[in-house]
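Dropping the structure in here first, questions after.
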Amino acid sequence: MTRLIVSLSVLALTLTAPMADPMQNYVENCQECHGAERLGGLGPALIPQTLGRMRGPNLVSVIRDGREATQMPAFSEILSSEQIDELAAFLKQPLADVPPWGEAEIMSSRVMNEDYKSVETPIWSSDPMNITLAVETGDHHVSVLDGDTFETLDRFETPFAVHGGPKFSPNGRFVFIMSRDGWVQKYDLYALQEVGRIRAGLNSRNIAISHDGKWLAVANYLPNSLTILSTDDLSVAKVQTVKGKDGTPSRISAVYQAPPRESFVLALKDVPEIWEVFYGPNPPQMGFAHDWRNEGPIKSEDPFPIRKITTPDYLDDFFFDQSYEYVMGASRSGEGGQVIDLVIGQKTADLDLPGMPHLGSGITWKHGDTTVMATPHLKDGAVTVIDMSTWKTVKRIETLGPGFFMRSHENSRYVWVDVFFGPNKDVMHVIDKESLEIVKTLRPVEGATVAHVEFTRDGSHALVSVWEDDGAVIIYDAETLEEVRRLPMRKPSGKYNVWNKITFSEGTSH
Ligand code: DHE
């Protein structure tokens, strides 16, 4: 009887004993890899800015079961399911304090590859202008493909969770790749070696390279800043804190280069402003300085002077015409768009773009005697085609669901658009550029997400991602639309052809 009482009280004690709080569980189990401040280390940052967008396996199941093909172990043996739930909830809380991430911190994160050896000419014999990269998000690698034979020249590791298009140096030799945790990696395609990497932000959006290849602009969410790096050695040239004209801090929606203007153009996410950051030698001589109505004077002693344009609405995503005079922006509400003329710094037209257009994926092509721009929508099963001379909608092409990416090529008569969301995520539509009709709907793997297309240099082949862990890049004949070959890959996302990117092919996004 006494033994039973003792056992029961031990059980009661066990049940009522305070469990370690989630913070303590973090320190004991996660901190070593994910950093004392949850900002990453060997593993990625564990903050809402990155976790909020986790698709597929959710945070609880990753903590419980681990992540295949990574160093993330399963914690189901160590933590109870209640503790795992609490830990996941803790990780989704914003950081109480964002540590400073200025020039000194960024520079101290820089790691140059000591084994890197530059070469005079490529160590391979492929066409350097037809090299195509495939980002494999399944295990955080990039495959370097010969665009003629589709042989893999190299497969190198990237920082965790690459996002946005890698940016090539103007001659196509170097490529810069950014991860959501703000790491920027420089890789030499001739030598097939990493040159180095640096953490330019704590949570970043995308990167842009100046047309002369000297500067790389990194748009950050966290902290609210734009980091400008020298492409040569990845050193910091400037860290610009981002605050609207009235002092409101803001994240950056995205940054792109505007080559004829010798500037980076960025939109602010939390303030209705577009910024133009000049890197050319003397911006006022560009012929539009006299007409800057909305902004303060340029400080010529600043190597990266900034022009701030107030816009009628917030810009979440945007696109340029081929002259880079006009910015077509999607508003935050996702219900419309606006055209901002960068020369006069004012809105000149409204766009009829309901259903959250994904303008970052927009493309243009000649249609009759005008140029049209087309964009998929993240919330509508449609592609909108807009006449760029009148800014009027020419057609809304109904698709089998909302899409993410579009691509074409000057030499192809087709536009390819995916259906990324919903039950038809396994289809890819092919649209005739002339008739604006869907002429074929491909379903390469029943039930598998199929997304993102890139063309070879000559436009003869289209590369499509089967966006699954056990996925593939499928190569199609771009004329007959027949499958030619399948290259197995780990959740391939974007593909990027050197020539199409460095020549700003009208069929590709920026
Ligand atoms: Fe992207 C490009 C924004 C979610 C994969 N994405 C871009 C660009 C922007 C953007 C502004 C253009 C940058 C560039 O290339 O320089 N993306 C956003 C979002 O706001 C959104 C909807 C929410 C978010 O989480 O940030 C978003 N994007 C995603 C994804 O969930 C995708 C599908 C998977 C992933 O890896 O995160 C994704 N985005 C991509 C890819 C590109 C991209 C592959 C480059 C496309 C290209 O062809 O250039």
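Whatever order the structure lists ligands and atoms in, that order sets their numbers, starting from 1.
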Next item on the list: Just jot down the ligand 1 atoms closer than 4.0 angstrom to any heavy atom of Phe420, in number order.
Entry: 33 (C)

Margin query: As an exercise, identify every atom of ligand 1 less than 4.0 angstrom from a heavy atom of Ala254.
Written below: 11 (C)

Notebook entry, point to check: For ligand 1, which atoms sit closer than 4.0 Å to a heavy atom of Tyr256?
Noted result: 11 (C), 12 (C)

Checklist line | Side chain, backbone, both or neither: His452 near ligand 1, heavy atoms under 4.0 Å | finding: side chain

Check: Judged by non-hydrogen atoms, does Gly360 sit under 4.0 Å from ligand 1?
Finding: no

Checklist line | Gly165 N/O under 3.5 Å from ligand 1 N/O | finding: yes

Checklist line | Contact check, side chains of Phe304 and Ile306, non-hydrogen atoms, under 4.5 Å | finding: no

Next item on the list: Counting heavy atoms only, name the option from Phe405, Phe319, Phe318 that's nearest to atom 5 (C) of ligand 1.
Entry: Phe405

Notebook entry, point to check: So Trp416 and Tyr476, would you call those rings parallel, tilted or perpendicular, with 30° and 60° as cut-offs?
Noted result: tilted

Checklist line | Atoms in ligand 1 flagged as close to Tyr496, the criterion being non-hydrogen separation under 4.0 Å | finding: 44 (C), 45 (C), 46 (C), 47 (C), 48 (O), 49 (O)

Notebook entry, point to check: Is the Phe320 ring parallel, tilted or perpendicular to the Tyr324 ring (thresholds 30°, 60°)?
Noted result: tilted

Note to self: Going by salt bridge (charged side-chain N to carboxylate O under 4.0 Å, His left out), name the pairs with one or both residues in residues 403-421, residues two or more places apart or in two chains.
What the structure shows: Arg407-Glu454, Arg413-Glu479

Margin query: Can you confirm if the aromatic rings of Trp215 and Phe264 lie within a centre distance of less than 6.0 Å?
Written below: no

Margin query: Regarding atom 25 (O) of ligand 1: of the candidates Arg180, His163, Arg205, which has the closest heavy atom?
Written below: Arg180

Notebook entry, point to check: Which bit of Trp467 gets closer than 4.0 Å to ligand 1, counting heavy atoms only: side chain, backbone, both or neither?
Noted result: side chain

Next item on the list: Can you label the angle between the Phe156 ring and the Tyr187 ring as parallel, tilted or perpendicular, going by 30° and 60°?
Entry: parallel

Notebook entry, point to check: With a cut-off of under 6.0 Å to the ring centre and 45° to the axis, is Arg38 in cation-pi contact with Phe90?
Noted result: yes

Next item on the list: May I ask whether Lys167 has any heavy atom positioned less than 4.0 angstrom from an atom of ligand 1?
Entry: yes

Item checked: Contact check, Lys495 vs ligand 1, heavy-atom distance below 4.0 Å -> no

Margin query: Once side-chain hydrogen bond (donor to acceptor under 3.5 Å, both in side chains) is applied, do any residues pair with Arg110, and if so which ones, sequence neighbours excluded?
Written below: none

Item checked: Atoms of ligand 1, numbered as shown, that sit under 4.0 Å from any heavy atom of Asn206 -> 13 (C), 14 (C), 16 (O)

Notebook entry, point to check: Are Lys269 and Tyr221 in a cation-pi setup, meaning NZ or CZ lies under 6.0 angstrom from the ring centre and within 45 degrees of the ring axis?
Noted result: no

Next item on the list: Go through ligand 1 atom by atom and flag the ones less than 4.0 Å from a non-hydrogen atom of Arg407.
Entry: 47 (C), 48 (O)

